[in-house]
Each structure stands twice: as C-alpha cells, then as structure tokens.
Protein chains: 2
Amino acid sequence: MVESVAQPRPESRGERKERTRRAILDAALHLCENSSLVALSLRQVAKEVGIVPTAFYRHFESIEALGLALVDESFVSLRAMLRDIRRGDPSYADIVDRSVETLVEHVHRQRSHFLFIARERAAGPLSVREAIRREIELCEHELATDLARLTGTGSWSAEDLRVLSNLIVTAMVATAEQIMAAPDRPGAEKQIVENARTQLRMVLVGALNWHSRT
Amino acid sequence: MVESVAQPRPESRGERKERTRRAILDAALHLCENSSLVALSLRQVAKEVGIVPTAFYRHFESIEALGLALVDESFVSLRAMLRDIRRGDPSYADIVDRSVETLVEHVHRQRSHFLFIARERAAGPLSVREAIRREIELCEHELATDLARLTGTGSWSAEDLRVLSNLIVTAMVATAEQIMAAPDRPGAEKQIVENARTQLRMVLVGALNWHSRT
DNA sequence: TGTTTGAGTGTACGGATGTTCACCGACGTT
DNA sequence: AACGTCGGTGAACATCCGTACACTCAAACA
C-alpha cells in the first residue's frame, strides 16, 4: 500500500534551480508593487524567497539583471494579449469593444506584470527603461502592420500609420494604468473602460477622415 | 570707500531658511533624475545640500513630504505652460503648432520638474502619486472647459469633452516623456515634435467629425 | 539689556545593505 | 565507489540608513 501514495518524483537539479529562479522573480514582482526596482534590495528578495542573500547571485548577477528578466517575462504576457486581440475576424465593427475587453481581462489576469512595466517604464534603471521602450516600439510596429492590412493600401502613408499606432498604444497604456490605479469601487472601472472605448472610436473617426500628405 | 562695495545686506532669519529649503528641493530634484523618490535617502540630500542629516527635519518631516512639496512646485511650472498655451487667439488654425511648440519649450526649460512628474506619477510613494493624479485631472478639466468654449454648445456632451481632454492630455504627457528620453541626436526631437503635431491633428479631425450620442 | 527662538551641529545607536570568502552536501557523472 | 559540479549556507566586512539627543550661537524679541 505504501507505493500507492503520491510519489513526488524527486526533482532534478535543473528543476530545483528553475523553481528557485521562479520564486525570485515572483518575490521581486511582489515586492516591487508598491515601490520600484531601484528601491528593491537583494536582501529583501532573498528573505522573501527564503534563501540566504548570497544565493541570489547563483541566479542573477544584480537586481538590474533581474529586472531585465522581468521585462522579458512581462512582455510574454503582453504579447499573449495582443495575439488574443488579433485573433478573430479583424474587420468587424466591434473591433474596438473586443480589443478593450481583452485588454481589461489581461490586465487583471497579469496585474503584477502590467504594474511592473508601467512603473519601470518611467522609473527603472536605464537599461530596463530602454528594454521596455524597445518592446513597446515593437508593439507599435506590429499594430501599424495590422492597421495597414485593415486599411488596404489606401490614402495612408507608412509614416502616418506609425504615428497613429503610437497614439493608440499610448492611449491603451494609459487605460491600463488607470485600471490598475482604480479604487475597488466597481463603478470606477466601468467608467474607465467606457472612456477607453470612446477614445478609440474618436481616434478611429479621425483615422477614417484622414488623408496623408503625399 | 569701503561702503561703496556691494553690501550683501545681511539675510534675515526667514530668508536664510528659505534659501536652505530651496537648496533641499533642488538637490532632491537633481538626485532623483536617474532614480526615484522611493530610492532617495535623506542623507544623500543632506550631503548634496551641505548640511548635517538631522538639519533636514527643520524643513521637511520626511522624504515623502518633500515629494509633495515638489509636486506643488512642479505643477506651478506646468500651469505656467498651460497659461502660455491658452494665451493668444484660441480659435486660430495653428493652435496645434503653437501648443506643441509651447510644450517643447517648457519641457526644456523646466526639464527637472517634468522629469520628476513623469517618474513619480508611476513610481512615487502613494500620496505623491495621488497628488499628481489629482493635478493632472485638474488640467484635463480645464482643457475640457477650453474645448467647450471653442466648440460652442455644439454636438458635444460634457462627458465626451472630458474623454477627449483625457486623450489629448495623455498624448501630450507621452510626448513630453519622449522628448525627455530622446537622445541628443538633433533629428530625434524634430521627429517626435512632428509626430505630436500629427497626432493632435488626427484627434482634431476625429473631434470635428464626432457626434455625441444624446 | 537680557532672554527666547530656532536653524544648524556632532555624536551615537541599532539595523539594513552589497559583497567577500570558505564551506557544505546532494546530485550527476565517470 | 569515487569524484566533480554547483545551489545553498553562514560568518564577516565596511558602508549606508533613519533617528534620538544634547549642543551652539546668532538673529529676533522683550
């Protein structure tokens, strides 16, 4: 009967290491929520994880390197969101509603990641800020490509598409920030979401009546 | 002949205190530029100013209180900018160009203040973040009032005016952030400014073709 | 005139921080 | 069975941190 109990299969060396690494990432994400990477100490992270401070170096050479790893990880979440938004018929008129809805859902599901990006984008170490900016620019570029497909090869210059993408991404980032900062009062978020929809529609109305200067 | 030399009029007690206070604010602003309030120590500030750490308490009860003072001060700069933008005939067609131009000028002239707001807006202590958000909302409200005057009592609901203001302010904040993060390569800023103009025009085209749902 | 006030000083403390070093001991390999 | 690898340990360090306390001494005031 003894062998019928759940056998926790002894972890391999690599598995153990990966588990600790994850714990460090999670701890950092959690400890950052009310401050910033630049105010996060190696010892706090170690204590939260339950390891001795020096063990931290077995996984990252500095807090800044940890930050870069968190950027990579966070943008995996963000790209998953973009894939979700892109999925489905992109030419439908309810594209605005669906996009905003998807944004809200992902912000809630990956709150820590979005919080991290929103904070460190402005306040992180230089290398982290640069990494985030680069990733966001990538998102804008992808959005521009999508928009090009949507509008066909109409009266839009590539340049204007990029500018429009930048505007939309900026507005969506701001919406995400508002949602995360919103008090728990249920009405507040409803309002933010409704505003985001209206803004996207306004921008779309502008886009439809826009003519790029040739 | 002695009395002909510049007589530095012995500072009064209050003047001396104010001078030290200013020095503290400036030092904090300067030390924050590459990190954040939450990573700023009382001792760093004191050392930079040239006073002993405990003397700090004669002026502020904590770094957080210092931060709130900096928010007030920074928004004096920002409101000065808004006044500049509003000045002059508001109905002219070059309102976009003039607004962006004024923004750029003020961002350069009060770089530290704008940097401070952009950073602490996302990463500062809770009370600082709240103070900044409140001030920005005030700006949005003022803009909405201006827009109402511009459009007359046309097809715009008060609600939509607020949403439009929010979008415009968000885009301008993002532009300010881009300018401050821009490399010194001269072309980069030109590009950002041009993009900002285009975005404002796009939004305006959207606004002109917008009809609020009654 | 003498007295009070208050910005700035100097010392001292308990605790947190990053980093070093030598060490352990279980896993994986030979 | 013997050995090397490597994630984690524990003590030690120099330095920074916020804050308490007793102090000076010139301006402000009576």
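Within every chain, numbering begins at 1; the chains are lettered A, B, ... in the order of the sequence lines, protein sequences first and strands thereafter.
Listed by first then second residue, pairs satisfying side chain to side chain donor-acceptor pair (under 3.5 Å) with a partner in residues 168-183 of chain B read A:Arg121-B:Glu177, not counting sequence neighbours. Listed by first then second residue, pairs satisfying side chain to side chain donor-acceptor pair (under 3.5 Å) with a partner in residues 52-71 of chain B read B:Glu64-B:Ser127, not counting sequence neighbours.
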Give the B/S/- string for nucleotides 6-17 of chain D, one per nucleotide from 5' to 3', where a protein heavy atom under 4.0 Å of the base yields B, of only the sugar-phosphate yields S, and otherwise -. BBBBB------B

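B:Arg109 pairs by the side-chain hydrogen bond (donor to acceptor under 3.5 Å, both in side chains) definition with B:Glu105, not counting sequence neighbours.
In summary, B:Glu194 and B:Arg197 engage in a salt bridge, as defined by a charged side-chain N under 4.0 Å from a carboxylate O.
Atom CZ of B:Arg22 is surrounded by more than 12 heavy atoms from other residues, nucleotides or ligands within 6.0 Å. The 12-atom threshold is exceeded at CZ of A:Arg79, counting heavy atoms of other residues, nucleotides or ligands nearer than 6.0 Å.
One interatomic measurement links the two molecules: CD1 of A:Ile63 to C1' of C:dA16, which rounds to 14 Å at whole-angstrom precision. Atom CD in B:Glu64 sits about 12 Å away from atom P in D:dT19, given to the nearest Å. Regarding A:Glu48, its CD atom lies at a distance of 15 Å from the P atom of C:dA16, rounded to whole Å. In this structure, B:Arg21 atom CZ and C:dG6 atom P are separated by 17 Å, rounded to whole Å. In this structure, B:Arg19 atom CZ and C:dG8 atom C1' are separated by 13 Å, rounded to whole Å. To the nearest angstrom, P of C:dG8 lies 10 Å from CD of B:Glu11.
Contacts between residues 23-35 of chain B and DNA chain C, defined by a heavy-atom separation under 4.0 Å, are absent.
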Identify all side-chain donor-acceptor contacts of residues 180-191 of chain A below 3.5 Å with residues at least two apart in sequence or on another chain.
from	atom 1	to	atom 2	distance (Å)
A:Glu189	OE1	A:His108	NE2	3.0
A:Gln191	NE2	A:Asn195	OD1	3.1
A:Gln191	NE2	B:Glu159	OE2	2.9

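B:Ile63 places a side-chain heavy atom less than 4.5 Å from the side chain of B:Phe56.
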